[in-house]
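See structure below.
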Amino acid sequence: MCRAHTGHETFRFLMKKLFASLSLVAVFSVYVALRQMGGLPYISVAPADSASDSSSSAQGTASAIRQIPYRDGSYTGISADAFYGNIKVQVTVQGGSIADVRFLDYPKDRPNSVEVNTYAMPLLRSEAITAQSAPVDTVSGATFSSMAFNQSFASALAQATH
Amino acid sequence: MKDTRLIMGMPITVEIADAGVTPEMLERAFARFVAIDEQFSTFKPASEVSRFNAGAIAAENLSDDLQEVLRLAEETRRQTQGYFDIALPDGRIDPAGLVKGWAIRRVARQLKNGGCRNFCVEAGGDIQPSGVNGAGKPWRVGIRNPFNIEENVKILTIGEHGIATSGTYVRGQHIWNPFRRDQPVTAIVSLTVIGPDVYEADRFATAAFAMGKEGIAFIERLPGFEGYSIDAHGTATMTTHFSEFILHASDTNLSSKEYEYGHSFHQQTPHLSAIPSPPKKGERRVRGTCDAQYFHYNSI
């Protein structure tokens, strides 16, 4: 039992080490891609919809700081050695902001690497949120305020009864 | 036929698009929600959960429904390594974080058993669609913009899957990391999960949200689930196959393409490697103390 526990701890330690090195390499690859845009060290996180026609949409995102705007386009970082495979990312810029970061290459050719990959680095894509105008049947979101709903509900009923 | 009512402290909408729909079908659906509320609400002294918490009912005398919910809650607690827990520090239980999705699942099954094929049940932002809408098209589901509730940031068609969103933006901070009770989750403001059905989506959305930035990676590693998280800066992060559910602007003139649900999930039980480690290595987690894994989900 003690031996098994030690093995588990060793595994976790190795995973952490691998994840740390993987993160560094990924960050470096993104850095190189950004350097191609000449925008470092400022990373703009202004959402793409800040320039849209909806003024109210800016209320929650106005705090995002837009600094040096990037040139639009796709930029590919170097293929960086992550010890058990290479990592290469592509950054897409739209409207001066980072719209997408994709992994073009990542360690996936060896079973061991796949294990590490699924454990430590999911292939997550990022984008700035943008308002969609097409009609929908229903909306998923955090729970509505009951009080606000009640008020609206009551006022609607009041109109309905007059 | 569609109606919205306030039950369980939240707006619940049931829409039935079948040709032979009758008002009684809607009534039966809402009546089920009311019955579940009467049984599980911690705000109603006469509810079974309240009486159980008061020690008025022995565990062996609980109803089948409550026993099932307790079993599912324990299963979820294990699968999320304690990030989801209905146990309160004082020994009472609050199954609210689980009951919403479970209730929608129950009502959806009741509708199907009653012969309904095309319907959409939504409770507090969690949704179970089935079949097609009144226009004969797949139900279109929006993901609400957490910074402007009048807007959607994604429009999806999810087939028979369920979808749920956990967030902080409507009721203020209402989810805590059970391992760091002093720190409310702030980095992520909205996390949407698509799963095999709404119950599955709801429970993992709740747990993943409590994990903060790690939550979307947790969903990525969870077989059969996809997710879309939005952080406080308005940057979204999505899982690898989430985009297969997105209805793109070019698709909005509906075509037969929408009917091709190419996204087939691997239906597997979540496995251990999908569970992230707790935030602090070696941190003790003991049930029944102030530092116990305590999941606060004020959904009702």
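Letters A, B, ... mirror the listed sequences (proteins, then strands); counts begin at 1.
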B/V153, B/N152, B/D231 screened by side-chain contact (heavy atoms from CB on, under 4.5 Å) with A/I129, the one that passes: B/V153

Over all atoms of both residues, closest heavy-atom pair of A/L124 and B/T239: CD2-CA, 3.9 Å

Side chains of A/S140 and B/R144 in contact at under 4.5 Å (non-hydrogen atoms): no

For B/A164, side chain to side chain contact (heavy atoms under 4.5 Å, CB included) partners two or more places apart: B/D126, B/A201, B/D202, B/A205

Atom of B/I155, atom of A/Q132 and distance for their closest heavy-atom approach: CD1-CB, 3.6 Å

Which atoms of B/K154 approach chain A - backbone, side chain, both or neither, heavy atom under 4.5 Å: both

Minimum heavy-atom distance A/A142-B/S166, with the two atoms named: CB-C, 4.5 Å

Any B/V141 side-chain heavy atom under 4.5 Å of A/D137 side chain: no

Flag side-chain contact, heavy atom, 4.5 Å: A/V139 against B/I143: no

Min side-chain heavy-atom separation B/E151-A/S133 under 4.5 Å: no

Contacting region of B/Y228 [heavy-atom separation from chain A under 4.5 Å]: side chain

Chain A contact via B/T13 - which portion, at a heavy-atom distance below 4.5 Å: neither

Flag side-chain contact, heavy atom, 4.5 Å: B/T235 against A/E127: no

Contacts of B/T192 that satisfy side-chain hydrogen bond (donor to acceptor under 3.5 Å, both in side chains) - sequence neighbours left out: B/T165

